[in-house]
Amino acid sequence: MKPLESGSGPKPTESTEASESSERSNFIRDIIIADIQAGKHGGRVQTRFPPEPNGYLHIGHAKAICLDFGLAAEFGGKCNLRFDDTNPSKEETEYVEAIMEDVRWLGFEWDGLFYASDYFGQLYEWAVQLIRADKAYVCDLSADEIRQYRGTLTEPGRESPYRYRSIEENLDLFERMKKGEFPDGSRTLRAKIDMSSPNLNLRDPVMYRILHMHHHRTGDAWCIYPMYDYAHGQSDSLERVTHSICTLEFDNNRPLYDWFIEQLCIFPSRQYEFDRLSITYTLLSKRKLLRLVQEGHVTGWDDPRMPTLSGMRRRGYTPEAIRNFCANIGVSRTNGITQLSHLEYFLREDLNRSAARVMGVLRPLRVVIDNYPDDLVEEMEAINNPEDESAGTRRVPFSKVLYIEREDFREDPPKQFFRLAPGREVRLRYGYLITCRSVVKDKDGNIVELHCTYDPATRGGNTPDGRKVKSTIHWVSAAHAVDAEVRLYDNLFTREDPDEVEEGQDFTANLNPNSLEALTRCKVEPGLRDAVAGARYQFERMGYFCVDADSSPGRPVFNRTIGLRDTWAKIEQRGKK
RNA sequence: UGGGGAGUCGCCAAGUGGUAAGGCAGCGGCCUUUGGAGCCGCCAUCCGUAGGUUCGAAUCCUACCUCCCCAGCCA
């Protein structure tokens, strides 16, 4: 919101809401506002986005990023990027780099860049401190035994037989754990809390496990690694994070988060949980996305069908569209599923105002204009973006032989089909009005060519006599057309909930076998010959397309980002029912 | 089942005792050299259910129902 001007300038008359921020609020934002007003932390706001580098970021993370960075920015605070790298068995540098690229692409820049592994030393010292305070102990139970001792949802757990070791013995054992004297899984360091707590997280949770494993940053310096619960809150605290925002499933962990902070008497970061994003026909689980990649169901993390930020980027999504979507869906504590159409609305909205219009024919049908001079080529003026006058105009060549979209012609047009048909006149966008005179078929009865006549008085598509045509279709001059490949995408899954499967199956059973259709004989206007990878266009009447990096000189490859809203398809569909 | 969280239009979501915002989707219409975009209108007598308190409740109380999370040496 613009700050109101001070001084004696003209005041807005009806500004009841103008003085308050009209930014859409949510409960976390309200908490921050209240904290600032109460003077908590001197009004300072510090957040953090803490991804584990074990996979690529997806649209669900985008929601968290928009919250973490957005809130900090709105209230003059800071937001750190912190890699939660406490488990070397799953984490890789490749992911670290991809995550940084994606955060920046989304439009955010972090203040501090940290790694939980930066704090391994401090965390170790604090563990020793907790042992000395008789709040932690080394446990020799195996993973299996720990599970048995933990009890169940309804029965309390039992105390470990190692729970009352002397502080000296614990100190000695823990140090030897660190030195690597014990094999993986042989011992753990546990917090001494309450084995009968109804909150399972408080039943003497494991703080450290032994893992003789190479870490992407600390190398072989450590063979004991802290658990999430023992590392996260303290990392927040070390960074003096005021509002630690995470998803709902960590609600149960909050008492433990607070417990460590209280026992250690360190900066009191507070955790707030919001609902994770779910979208129909989409999987948002790094574990499952990793499977799609590893099992080859997609070409990689950046496959345009993936809900990853890198996949969406390659597909042609804009950061603005994703940010607008995140701002619009809101933040609450309700477990809901957002419809894909909601996301697509914001995609189209942004692309509509930013994408340059061009003409491209996906499934070409040859059209010969019989009364058009054989060798004439006219340069027709076309508007680049009707939503943005500054985008200007361009010239598109027109000649006797053209390609039009196959679906724009029907030999036997159904009701409400306004496009080309025998004897019917339509407008060629920015071209001429043409009338279909005859249809040429091959021996199998397939339509191979149309013969039309044009009205020379309608150059540019104008009708000096004021007559109306029901339809305007797009075209490309055959002699000037550039061959292109166009990849059409559909939902990766056929069910709204990809996890809804028959007994014994998993989400791969719901994979859509037709999620990708590659068209290789497409014809696009000449200006697209050397389109640069990443550029986004609207192929008029067809949809939004993004140039893929697979393009080669003179032969562009386009990804269909999303189709235009198709009223005719809806009408036709309705007629079939 | 013990604990925690949540239930407001098909979906998302405001509202926190004074008589149901908004967005998406959908449906009409206008406009249109993209059946795109844009514009206009319609779309919850009702807030999981049942009681109760109150002049008055989605908002307070009681009971019940449904869904989600927790029994990793994952995060």
Side-chain angles (χ1 to χ4, degrees), chain A residues 24-26 50-52 54 84 86-87 89-90 139 141-144 146-148 150-157 184-190 196-203 205-211 224-225 227-229 231-232 246-255 273 275-276 280 286-287 325 328-346 348-349 352-353 357 359 382-383 386-387 416-419 427-431 433 458 460-463 468-474 538-543 563-571:
Chain A
R24 180 175 178 178
S25 204
N26 60 63
E52 180 187 11
N54 65 344
D84 220 328
T86 57
N87 185 355
S89 70
K90 296 181 175 178
C139 181
L141 254 25
S142 68
D144 204 51
I146 283 183
R147 189 181 325 120
Q148 286 166 13
R150 186 156 33 226
T152 67
L153 293 178
T154 50
E155 307 154 29
D184 288 1
S186 59
R187 290 178 219 266
T188 57
L189 181 72
R190 295 226 258 164
S196 62
S197 171
N199 182 337
L200 271 40
N201 291 123
L202 263 22
R203 319 244 263 226
V206 171
M207 293 162 61
Y208 272 95
R209 75 279 219 187
I210 299 173
L211 232 43
I224 55 173
Y225 290 93
M227 298 290 290
Y228 165 84
D229 285 305
H232 202 89
C246 65
T247 44
L248 236 33
E249 67 271 26
F250 290 100
D251 201 1
N252 295 318
N253 300 60
R254 179 154 33 91
E273 312 85 19
D275 61 325
R276 179 190 262 293
T280 54
K286 275 196 276 186
R287 207 200 99 239
F325 167 72
N328 181 275
I329 54 174
V331 180
S332 71
R333 292 176 66 89
T334 319
N335 280 319
I337 302 171
T338 298
Q339 295 178 336
L340 220 208
S341 59
H342 209 339
L343 206 209
E344 293 176 335
Y345 170 83
F346 287 95
R348 289 196 181 98
E349 182 197 35
N352 175 53
R353 61 182 171 229
R357 272 62 170 174
M359 291 195 281
I383 295 168
E387 306 292 323
Q416 295 188 76
F417 181 87
F418 304 143
R419 282 110 92 148
R427 172 187 292 111
L428 292 178
R429 172 143 248 221
Y430 303 127
L433 267 59
T458 59
N462 300 303
T463 51
K468 302 286 183 198
V469 281
K470 294 279 263 181
S471 181
T472 297
I473 64 174
H474 58 97
Q538 181 196 102
F539 286 10
E540 296 217 24
R541 306 204 311 125
M542 299 307 284
L564 250 29
R565 195 171 265 105
D566 192 343
T567 306
W568 164 243
K570 195 179 288 179
I571 292 170

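In what follows, every chain begins at residue 1, and chains take the letters A, B, ... in the order their sequences are listed.
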A.B. asks: Measure from the side-chain N and O atoms of A:T280 to the backbone N and O of A:L340, and report whether any donor-acceptor pair falls under 3.5 Å.
C.D. replies: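 Checking the backbone N and O of A:L340 against the side chain of A:T280, a donor-acceptor pair under 3.5 Å is found.
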
A.B. asks: What's the closest nucleotide to the side chain of A:Y228 if the choices are B:rC24, B:rA75, B:rG72?
C.D. replies: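 Minimum distance to the A:Y228 side chain belongs to B:rA75.
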
A.B. asks: In terms of side-chain heavy atoms of A:R150, which of B:rU34, B:rC73, B:rC27 is nearest?
C.D. replies: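 Selected nucleotide (nearest to the side chain): B:rC73.
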
A.B. asks: Treating A:K286 as the side-chain partner and A:E52 as the backbone partner, does any N or O pair qualify as donor plus acceptor under 3.5 Å?
C.D. replies: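 A pair under 3.5 Å: yes.
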
A.B. asks: Which part of the nucleic acid, if any, lies within contact of A:Y430, taking any heavy atom under 4.0 Å across all strands shown: a base, the sugar-phosphate backbone alone, or nothing?
C.D. replies: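 Here A:Y430 touches the bases of the nucleic acid.
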
A.B. asks: Look at the side chain of A:T458 and the backbone N and O of A:L433, then say whether any donor-acceptor pair between them is shorter than 3.5 Å.
C.D. replies: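 A pair under 3.5 Å: yes.
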
A.B. asks: Of the nucleotides B:rA71, B:rU34, B:rA37, which one has an atom closest to the side chain of A:L153?
C.D. replies: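 So the side chain of A:L153 is nearest to B:rA71.
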
A.B. asks: Kindly point out which of B:rG5, B:rG2, B:rC74 is positioned nearest to the side chain of A:R333?
C.D. replies: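 My answer, after comparing the listed nucleotides, is B:rG5.
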
A.B. asks: Is the phosphate of B:rC12, meaning OP1 or OP2, less than 4.0 Å from a side-chain N or O of A:T334?
C.D. replies: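 Answer no for this pair, as no side-chain N or O of A:T334 is under 4.0 Å from OP1 or OP2.
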
A.B. asks: B:rC73, B:rC70, B:rA37: which one has an atom nearest the side-chain heavy atoms of A:L200?
C.D. replies: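 Selected nucleotide (nearest to the side chain): B:rC70.
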
A.B. asks: A:R24 side chain N/O closer than 4.0 Å to the phosphate oxygens (OP1, OP2) of B:rC12?
C.D. replies: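 Checking A:R24 against B:rC12: no side-chain N or O falls below 4.0 Å of OP1 or OP2.
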
A.B. asks: To the nearest Å, give me how far apart CD1 (A:I571) and P (B:rC27) are.
C.D. replies: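 Spelled out: CD1 on A:I571 to P on B:rC27 is 10 Å.
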
A.B. asks: Using the C1' atoms only, state how far B:rG28 lies from B:rC43, rounded to an integer number of Å.
C.D. replies: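 Roughly 11 Å separates the two C1' atoms.
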
A.B. asks: Give one of base, sugar-phosphate or nothing for A:R254, where a contact means two heavy atoms less than 4.0 Å apart.
C.D. replies: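 Nothing, no nucleic acid heavy atom in range.
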
A.B. asks: Does B:rG41 have a Watson-Crick or wobble mate here (both distances under 3.5 Å), and if so which one?
C.D. replies: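 Here B:rG41 is engaged in a pair, and the nucleotide opposite it is B:rC27.
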
A.B. asks: Between A:D275 and A:S332, is there a donor-acceptor pair closer than 3.5 Å when you use the side chain of the first and the backbone of the second?
C.D. replies: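 Checking the backbone N and O of A:S332 against the side chain of A:D275, a donor-acceptor pair under 3.5 Å is found.
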
A.B. asks: Give the rounded distance in Å between these two atoms: CZ of A:F325 and P of B:rG23.
C.D. replies: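 Going from A:F325 (CZ) to B:rG23 (P), I get 17 Å.
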
A.B. asks: It should be established whether A:K286 places a side-chain nitrogen or oxygen under 4.0 Å from OP1 or OP2 of nucleotide B:rC74.
C.D. replies: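 Checking A:K286 against B:rC74: no side-chain N or O falls below 4.0 Å of OP1 or OP2.
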
A.B. asks: Quick one: does A:R333's side chain have a donor or acceptor within less than 3.5 Å of a partner on A:E273's backbone?
C.D. replies: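 Indeed, once roles are kept as given, a pair shorter than 3.5 Å links the two residues.
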
A.B. asks: In terms of side-chain heavy atoms of A:Q339, which of B:rC11, B:rA71, B:rU1 is nearest?
C.D. replies: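 Per side-chain heavy atoms of A:Q339, the pick is B:rC11.
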
A.B. asks: Does A:R187 put a side-chain nitrogen or oxygen below 4.0 Å from OP1 or OP2 of B:rC73?
C.D. replies: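 No, no such contact exists.
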
A.B. asks: Any side-chain N or O of A:S332 below 4.0 angstrom from OP1/OP2 of B:rA13?
C.D. replies: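 Yes, within the criterion.
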
A.B. asks: Any N or O donor-acceptor pair under 3.5 Å from the base of B:rG36 to the side chain of A:E540?
C.D. replies: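 No, no donor-acceptor pair under 3.5 Å.
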
A.B. asks: Determine the Euclidean distance between corresponding C1' atoms of B:rA57 and B:rC46; express it in Å to zero decimal places.
C.D. replies: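 Comparing C1' positions in B:rC46 and B:rA57 gives a spacing of 12 Å.
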
A.B. asks: Across the strands shown, which category fits A:N26 at heavy-atom distances under 4.0 angstrom: base, sugar-phosphate, nothing?
C.D. replies: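 It contacts nothing in the nucleic acid.
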
A.B. asks: Give me the distance, rounded to whole Å, that separates B:rU62 from B:rU54 when you measure between the C1' atoms they each carry.
C.D. replies: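 My reading of the C1' atoms in B:rU62 and B:rU54 gives 16 Å.
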
A.B. asks: When you measure from the side chain of A:D275, which nucleotide among B:rG4, B:rA13, B:rG72 comes out closest?
C.D. replies: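 From the listed options, B:rA13 comes nearest.
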
A.B. asks: Need one value for A:G336: base, sugar-phosphate or nothing, where a base atom within 4.0 Å counts as base even if backbone is also close, heavy atoms only.
C.D. replies: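 A:G336: backbone/sugar contact only, no base atoms under 4.0 Å.
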
A.B. asks: Here's a test of your reading of the structure: between A:R429 and A:Y345, which maps to the more 5' nucleotide of RNA chain B?
C.D. replies: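 Closer to the 5' end of RNA chain B: A:Y345.
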
A.B. asks: Taking only the side-chain heavy atoms of A:R541 (C-beta and beyond), determine which of B:rA13, B:rC70, B:rG35 contains the nearest atom.
C.D. replies: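 Nearest to the side chain of A:R541 among the choices is B:rG35.
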
A.B. asks: I want to check one thing: is the phosphate of B:rC74, taken as OP1 and OP2, less than 4.0 Å away from some side-chain N or O of A:R209?
C.D. replies: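 So the side-chain polar atoms of A:R209 do come within 4.0 Å of the phosphate oxygens OP1 or OP2 of B:rC74, strictly under.
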
A.B. asks: Taking A:R276 for the side chain and A:T247 for the main chain, is one N or O donor matched with an acceptor at less than 3.5 Å?
C.D. replies: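 Flag not set: sc A:R276 to bb A:T247 has no pair under 3.5 Å.
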
A.B. asks: Does B:rU1 have a Watson-Crick or wobble mate here (both distances under 3.5 Å), and if so which one?
C.D. replies: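 Because no pair has both required distances under 3.5 Å, B:rU1 counts as unpaired.
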
A.B. asks: If you compare every side-chain N and O of A:R348 against the phosphate oxygens of B:rA37 (OP1, OP2), does one of them come in below 4.0 Å?
C.D. replies: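 The answer is no; no side-chain N or O of A:R348 sits under 4.0 Å from OP1 or OP2.
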
A.B. asks: Send over the distance from A:I337 CD1 to B:rC68 P, rounded to a whole Å.
C.D. replies: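 Nearest whole value for this atom pair: 10 Å.
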
A.B. asks: Under 3.5 Å, side chain of A:T188 to main-chain N/O of A:R190, donor-acceptor pair present?
C.D. replies: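 Checking the backbone N and O of A:R190 against the side chain of A:T188, no donor-acceptor pair under 3.5 Å is found.
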
A.B. asks: If each of A:K470 and A:D144 is mapped to the nucleotide of RNA chain B with the nearest heavy atom, which maps nearer the 5' terminus, i.e. the 5' end?
C.D. replies: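 Closest to the 5' end, via its nearest nucleotide, is A:K470.
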
A.B. asks: For the pair A:F325 and A:H342, name the ring-plane relationship: parallel under 30°, tilted 30 to 60°, perpendicular over 60°.
C.D. replies: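 Perpendicular, since the angle between the ring planes exceeds 60°.
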
A.B. asks: Touch check for A:M542, heavy atoms < 4.0 angstrom, all strands: base, sugar-phosphate only, or nothing?
C.D. replies: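 The answer is nothing, as A:M542 stays clear of every strand by at least 4.0 Å.
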
A.B. asks: Could you state the CG-C1' distance from A:N328 to B:rA21, rounded to the nearest angstrom?
C.D. replies: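 After rounding, the gap between these two atoms is 13 Å.
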
A.B. asks: Consider side chain to side chain contact (heavy atoms under 4.5 Å, CB included). Of A:M359, A:R357, A:H474, A:R429, which one does A:R541 pass it with?
C.D. replies: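 For A:R541, the side chain to side chain contact (heavy atoms under 4.5 Å, CB included) test succeeds with only one of A:M359, A:R357, A:H474, A:R429, which is A:H474.
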
A.B. asks: Which nucleotide, in any strand shown, forms a Watson-Crick or G-U wobble pair with B:rU53, with both distances under 3.5 Å?
C.D. replies: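 Matched B:rU53 with nothing under the 3.5 Å cut-off.
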
A.B. asks: Please confirm whether any donor atom in the side chain of A:E387 sits under 3.5 Å from an acceptor in the base of B:rG36, or the reverse.
C.D. replies: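 Side chain to base: pair present.
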
A.B. asks: Do A:I383 and A:Y430 have side chains that get closer than 4.5 Å, going by heavy atoms?
C.D. replies: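 The answer is yes, as the side chains (C-beta and beyond) meet within the 4.5 Å cut-off.
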
A.B. asks: Please classify the nucleic acid contact of A:E155 as base, sugar-phosphate, or nothing, using heavy-atom distances under 4.0 Å.
C.D. replies: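 The answer is nothing, as A:E155 stays clear of every strand by at least 4.0 Å.
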
A.B. asks: Taking CZ from A:R419 and C1' from B:rU33, how many angstroms apart are they, rounded to a whole number?
C.D. replies: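 Atom CZ in A:R419 sits about 15 Å away from atom C1' in B:rU33.
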
A.B. asks: Can you tell me whether the side chain of A:N252 and the base of B:rC69 have a donor-acceptor pair closer than 3.5 Å?
C.D. replies: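 Side chain to base: pair found, below 3.5 Å.
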
A.B. asks: Across all strands, who's sitting opposite B:rC64 as a Watson-Crick or G-U wobble pair, both distances under 3.5 Å?
C.D. replies: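 B:rG48 - that is the nucleotide pairing with B:rC64, both distances being under 3.5 Å.
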
A.B. asks: When you compare B:rG18 with B:rC60, how far apart are their C1' atoms, in angstrom units rounded to a whole number?
C.D. replies: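 To the nearest whole Å, 14 Å.
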
A.B. asks: Rounding to an integer number of Å, can you tell me how far A:R276 CZ sits from B:rC70 P?
C.D. replies: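 It is 10 Å, rounded to the nearest whole Å.
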
A.B. asks: Measure CG/A:D84 against P/B:rG72 and give the value in whole Å, please.
C.D. replies: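 From A:D84 CG to B:rG72 P: 20 Å.
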
A.B. asks: Between B:rC68, B:rA71, B:rC74, spot the one nearest the side chain of A:K90, thanks.
C.D. replies: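 Closest nucleotide among those given: B:rC74.
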
A.B. asks: B:rG51 and B:rC65: how far apart are their C1' atoms, nearest whole angstrom?
C.D. replies: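 Looking at atom C1' only, B:rG51 and B:rC65 are 14 Å apart.
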
A.B. asks: Checking one value: the base orientation of B:rG72, syn if chi is within 90 degrees of 0, otherwise anti.
C.D. replies: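 Judged by the O4'-C1' to base torsion, B:rG72 sits in syn, the angle falling within 90° of 0.
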
A.B. asks: Out of B:rA75, B:rU34, B:rG3, which nucleotide sits closest to the side chain of A:P386?
C.D. replies: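 Shortest atom-to-atom distance from the side chain points to B:rU34.
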
A.B. asks: Whole-Å distance between B:rG38 P and A:Q538 CD?
C.D. replies: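 Nearest whole value for this atom pair: 12 Å.
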
A.B. asks: Using the P atom as the reference point in each nucleotide, state the distance between B:rC31 and B:rC39 in Å, no decimals.
C.D. replies: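 The answer is 16 Å between these two P atoms.
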
